[in-house]
Amino acid sequence: MGGVVDAAAPEDRTRQDADVDDKHMQIGEVAARTELSLRTIRHYEEIGLVVPSARSQGGFRLYTESDVARLMVVRRMKPLGFTLEQMGDLLDATDHLDTGRGTTPDAEERERYLGRVRSYERAAADRIADLRVQLERAEEFAATLRDRLEPTTPA
């Protein structure tokens, strides 16, 4: 795997490439860890949900643990029926809370971001409750089918 393209002097690049290689993963490893397809990860990049932290000299996408964590948020939201826009909104709010996007949010801004995260937490809890009901119904249905398949004994 090549090193990350940067503005470092050539004599510094070898040391930096070794450091970067230890911290970065190529898309195949990220796909295996997240159980997302390469195509899905590339799509999420195209729409701005997750952007690789770097590129190798050969142009390969390079990801960090932070990038993997973002993809896992998206992966966990998907089965709950959240839209890509909602996923992006949540990631934006958590980005602001985690890093301040260059500035530390004041108390009012922080509360707005926390409010957004709280609303997604409530929505996730509601959707999980709905899924539990659906699962219970599905299990009852499967039990009904099993009962029909069991041989009946004459009375």
Side-chain angles (χ1 to χ4, degrees), residues 1-6 8 13-105 109-147 149:
M1 167 165 55
V4 172
V5 177
D6 61 18
R13 184 158 292 152
T14 304
R15 184 184 51 76
Q16 285 184 333
D17 286 353
D19 292 344
V20 169
D21 288 346
D22 291 342
K23 296 183 229 174
H24 286 79
M25 297 162 267
Q26 287 190 357
I27 194 169
E29 182 180 348
V30 173
R33 288 187 54 191
T34 61
E35 298 178 348
L36 294 169
S37 69
L38 300 176
R39 183 177 183 206
T40 297
I41 295 170
R42 288 182 189 117
H43 176 67
Y44 291 161
E45 177 188 355
E46 287 171 14
I47 62 173
L49 281 179
V50 177
V51 178
S53 292
R55 293 254 181 189
S56 71
Q57 288 177 340
F60 294 105
R61 295 165 173 84
L62 297 174
Y63 297 88
T64 62
E65 289 296 330
S66 178
D67 299 326
V68 170
R70 288 177 70 85
L71 284 165
M72 292 303 293
V73 168
V74 172
R75 186 176 146 239
R76 290 174 178 136
M77 290 179 81
K78 188 170 179 61
L80 295 176
F82 289 100
T83 66
L84 294 173
E85 292 78 19
Q86 289 170 317
M87 294 172 193
D89 184 55
L90 176 61
L91 289 169
D92 179 65
T94 57
D95 285 349
H96 278 89
L97 289 169
D98 292 346
T99 64
R101 288 271 174 114
T103 62
T104 304
E109 280 180 308
R110 181 170 172 72
E111 192 51 46
R112 271 198 320 271
Y113 297 130
L114 286 171
R116 284 165 57 188
V117 173
R118 279 187 206 102
S119 71
Y120 285 108
E121 188 278 331
R122 283 190 303 270
D126 290 344
R127 290 173 184 187
I128 290 167
D130 291 343
L131 287 171
R132 283 195 175 110
V133 168
Q134 289 179 18
L135 179 59
E136 185 177 310
R137 290 176 183 159
E139 288 171 338
E140 289 170 357
F141 173 67
T144 301
L145 294 175
R146 275 191 305 275
D147 291 345
L149 293 172

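In this structure, Glu29 CD and Leu62 CG are separated by 10.5 Å, a value rounded to the nearest 0.5 Å. Here Thr34 contributes atom OG1 and Arg76 contributes atom CZ; the two are 10.5 Å apart, rounded to the nearest 0.5 Å. In this structure, the separation between CZ on Arg61 and CZ on Arg55 is 4.5 Å, given to the nearest 0.5 Å. Residue Ile128 holds its CD1 atom at 12.5 Å from CG of Leu135, rounded to the nearest 0.5 Å. Separating the CG atom in Leu84 from the CE atom in Met77 is a distance of 9.5 Å, to the nearest 0.5 Å. A distance of 12.5 Å separates CD in Glu46 from CD1 in Ile41, rounded to the nearest 0.5 Å.
Gln26 approaches Tyr63 most closely through the heavy-atom pair C-CD1, 4.3 Å. Across every non-hydrogen atom of Gly81 and Arg127, the tightest pair is C-NH1, 3.3 Å. When all heavy atoms of Asp89 and Arg116 are compared, the closest pair comes out as OD1-NH2, 2.7 Å. Taking all atoms of both residues into account, the shortest heavy-atom contact from Leu38 to Ala31 is CD2-CB, 3.7 Å. Here the shortest heavy-atom pairing between Leu91 and Leu49 reads CD1-O, 3.7 Å. Pairing each heavy atom of Phe82 with each of Ala124, the nearest pair is CZ-N, 3.8 Å.
Exactly one of Lys23, His24, Arg70, Arg33 qualifies for a side chain to side chain donor-acceptor pair (under 3.5 Å) with Glu65. That residue is Arg33. Among Asp92, Val74, Val50, the single residue meeting the side chain to side chain contact (heavy atoms under 4.5 Å, CB included) criterion with Met87 is Val74.
Without hydrogens or angle criteria, Arg75 side chain to Leu36 main chain gives no donor-acceptor distance under 3.5 Å.
Under the 4.0 Å criterion applied to side-chain N and carboxylate O atoms, Glu111 and Arg118 are assigned as salt-bridge partners.
Inspection of the Thr64 and Asp67 side chains reveals an N or O donor paired with an N or O acceptor under 3.5 Å.
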